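Single-structure report; data block below.
The basis for the numbers below is simple: all heavy atoms, side chains too, and nothing from hydrogens, waters or symmetry mates. Worth saying up front: this structure is predicted, and the values here are computed from it rather than measured. Numbering of ligands and ligand atoms starts at 1, following listing order.
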Amino acid sequence: MRVLVIGSGGREHALCWALAASPLLAKLWCAPGNAGTAEFAENLPIGALDFSSLVQFAVENAVDLVLPGPEAPLVAGIADAMGAAGIACCGPSAAAARIEGSKSFTKEICDAAGIPTALWERFDDAHAAREFVRRRGAPIVVKADGLAAGKGVVVATSVAEAEEAIAAFMDRDALGEAGRSVVIEECLEGEEVSLFALCDGVTALPLGAAQDHKRVGEGDTGPNTGGMGAYSPPPALSPALAEAAMARIVRPALAELARQGTPFRGILFAGLMMTADGPKLIEFNARFGDPECQAVLLRLQSDLLPALLAACNGDLAQFSLRWRDEVAIAVVMAARGYPGDPVKGTGIRGLECAAAMPGVTVFQAATQRLNGRLVAAGGRVLTVCATGPDLQAARDAAYQAVAAIDWPEGFCRRDIGWRALGAG
Ligand code: AMP
Ligand code: GLY
C-alpha cells in the first residue's frame, strides 16, 4: 500500500508512526509533514490545502490511500477532490465534514436524531442574540457558527461576558465570516471526554477515547488551546458509558448523515460532557483529536492500515480492533508565548535521550531541521508520550522524559491527568 498522510502536527507524526508499523505499507508520504514525520515518511513540500498539487501527486504516484489529519482540508473538500480522481481517502466529504464546520448543522443533526446535547438556538441578528442571553441569564455558551480554530467558543459566566462575545463575533467581525451567526446554548457541567469512532458511512467502530486538557494553564485555567495533553483511556468514560455514547450519540448521528445523503466516512470525534444525566454531545469533529490521537494510537494493538481501508471500502461491519491493556499519556510541549505569539526558531536537544526511556515515545509537531539542528517552528512543538500499567506510572515516565529534553524556551503543563490523579 502506498499511503499519503496530509498535515504537519503531532497527530500526523503519530499516524505516520502507526502506519509505518503495518506490514501492508510499501511507501509513505506526508504533506507537508514535520521533522518527526520525516523519520517514517517522505515529506512533500505541498500544503494541506493545495488540492490540485495533492491530487496530481496522488495520481502520478499511484497512491492507494490518502489520510487527511486536520479539519481544514476535509471541510474544504479534499475527500471529494481525491474521490473525483479515483483515489481512496479516509475522510468525510465536504458535505459530511460540515458536522465540524458548522455548529448549527451539528445541532440540527442532534435534534433530528434525538441525540442528547445542550439546548440551543441560532442567531443571525446580534440584537436578538443579546435579548436571548438577557432572558436566559448566565452561565451560557456563545459559539461562532463557523470554523474558528478553537477561538469561537465563549463559556460566559456572566451576561456581560456573553454580550461581549456577541459584540466581538457579530458586530466587530473578530472571526470574519465564521462569527456572522452564532449558536447560543445551555451550559453543561461535568468532565469532558473525546470519543473516537472509525466510520464507513454505515458502521461505526469505536476507535478509543481520551481526556484532553484544552486550557493553557494548570488546573484548566487561562486561554483555550488546541490541547495541552491527554490520557487514554479516560476513567470518566467507563466501558458501559462508552457503549451508551456509541448507541445514543455516535450511531444515531451516522445514521442521520446517511439518511440525508451525506454518509460519513473517516474518523468521527464526539466531544462529550459527562453530565449527571449521562453523556451529552458538545461537538462533533470530522477527524482525530490532537493530542488525543497520540495517546490513543499508543494503545492500539491492531494494524491501523487495514482498518482505514475497511472504512473506505464500507467493510467495517466485519472488523474489530484490539487494544493494549495499558494507559497512555501525552504531554504537549509548546513554545513560550503559545497560544498567543509563540517564539520561533529556538533549538531543541535531548529528544533521543528522552525517547530511549522505557515506555516513552516523542512525537513532533511544529519542528524543522536546520543544518542538522532541531528547531521549534510554531506553537505546539512536541508531544511527549508514555505508556504504563496505570496513569500514575505513565505520567511519571512522561514527565521524566520531559525533564530530559533540553529546550529552555519550551513549556508544558505539569498537571496532565490531574482530574484522574489529583494535581500531584
Ligand atoms: P467546542 O469548540 O464546541 O468544542 O467548544 C470548546 C469548549 O467549550 C469545549 O471543549 C467545552 O469545554 C466548552 N463548551 C462548549 N459547549 C459547552 C456547553 N454547552 N457547556 C459547557 N461547556 C461548553
Ligand atoms: N484536542 C482537541 C482537538 O483536536 O480538537
Side-chain angles (χ1 to χ4, degrees), residues 7 9-12 14-15 68-72 74-75 99-107 110 115-121 136 138-157 161-162 165 169 175 178-179 182-196 208-216 220-232 234 236 267-277 279-296 330-332 334 339 363 365 379-380 383 413 416 419:
R11 166 182 52 208
E12 287 74 26
L15 289 167
E71 63 275 18
L74 290 166
V75 171
I99 203 148
E100 169 150 11
S102 162
K103 306 269 186 213
S104 58
F105 177 73
T106 299
K107 288 301 217 176
C110 287
I115 293 169
T117 187
L119 298 173
W120 68 288
E121 208 146 326
R136 291 295 305 251
I140 195 157
V141 183
V142 181
K143 300 186 172 185
D145 196 6
L147 261 191
K151 297 189 173 66
V153 176
V154 174
V155 181
T157 51
E161 196 185 339
F169 295 168
L175 303 172
V182 297
V183 166
I184 300 185
E185 60 181 47
E186 166 199 14
C187 189
L188 300 175
E189 271 176 48
E191 282 198 40
E192 272 183 76
V193 166
S194 308
L195 174 67
F196 302 97
Q211 192 149 358
D212 186 15
H213 298 60
K214 288 202 170 129
R215 305 295 187 116
V216 75
D220 294 327
T221 55
N224 246 332
T225 70
M228 293 301 292
Y231 51 97
S232 174
I267 296 161
L268 184 60
F269 168 158
L272 307 177
M273 189 73 91
M274 307 307 296
T275 74
D277 300 331
K280 290 193 179 178
L281 185 81
I282 299 174
E283 60 164 352
F284 280 121
N285 293 312
R287 51 166 177 92
F288 240 137
D290 183 343
E292 293 99 317
C293 171
Q294 292 89 307
V296 165
V331 177
V332 169
F363 295 116
R380 292 191 295 172
T383 317
R413 274 182 60 169
I416 301 307
R419 282 178 198 277

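- The nearest heavy-atom contact from the protein to atom 7 (C) of ligand 1 is Val153 CG1, 4.2 Å.
- Taking 4.0 Å as the cut-off between side-chain N and carboxylate O, Lys214 and Glu283 count as a salt-bridged pair.
- Electrostatic pairing of Glu185 and Lys107 counts as a salt bridge here, judged by a charged N lying under 4.0 Å from a carboxylate O.
- Glu192 OE2, 2.4 Å is the protein heavy atom nearest to atom 12 (O) of ligand 1.
- Taking any N or O of Gly226, backbone or side chain, at least one lies under 3.5 Å from an N or O belonging to ligand 2.
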Exercise. Quick one: do Leu147 and Val75 satisfy side-chain contact (heavy atoms from CB on, under 4.5 Å)? Show the steps, please.
Key: CA-CA 9 Å; Leu147 261 191; Val75 171; 3.9 Å; yes
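- Closest heavy-atom approach to atom 1 (P) of ligand 1 within the set Glu189, Glu283, Glu185: this belongs to Glu283.
- Under the 3.5 Å distance criterion, the side-chain polar atoms of Arg419 are left unmatched by any main-chain donor or acceptor of Glu191.
- Of the polar atoms of Leu188, at least one N or O is found under 3.5 Å from an N or O of ligand 1, judged by distance alone.
- Nearest protein heavy-atom neighbour of atom 23 (C) of ligand 1: Val155 CG2, 4.0 Å.
- In this structure, Cys187 counts as a contact residue of ligand 1, since one of its heavy atoms falls inside 4.0 Å of the ligand.
- Ligand 1 is approached by Lys143 to a heavy-atom distance shorter than 4.0 Å.
- Ring-centre distance between Phe288 and Phe196: below the 6.0 Å cut-off.
- Note: no N/O pair closer than 3.5 Å links Asn224 and ligand 1 by distance alone.
- Atom 18 (C) of ligand 1 has as its closest protein heavy atom Val141 CG2, 3.5 Å.
- For the pair Asp212 and ligand 2, the shortest N or O to N or O distance falls below 3.5 Å.
- Atoms of ligand 1 found under 4.0 Å from any heavy atom of Ala118 (numbered from 1 in listed order, with element): 19 (N).
- For the pair Glu186/Val141, no side-chain contact is recorded, criterion being any heavy-atom separation below 4.5 Å from C-beta on.
- With Lys280, Glu186, Glu100, Lys103 as candidates, the residue nearest to atom 2 (O) of ligand 1 on a non-hydrogen basis is Lys103.
- The N/O atoms of Arg287, backbone and side chain alike, include one that comes under 3.5 Å of an N/O atom in ligand 2.
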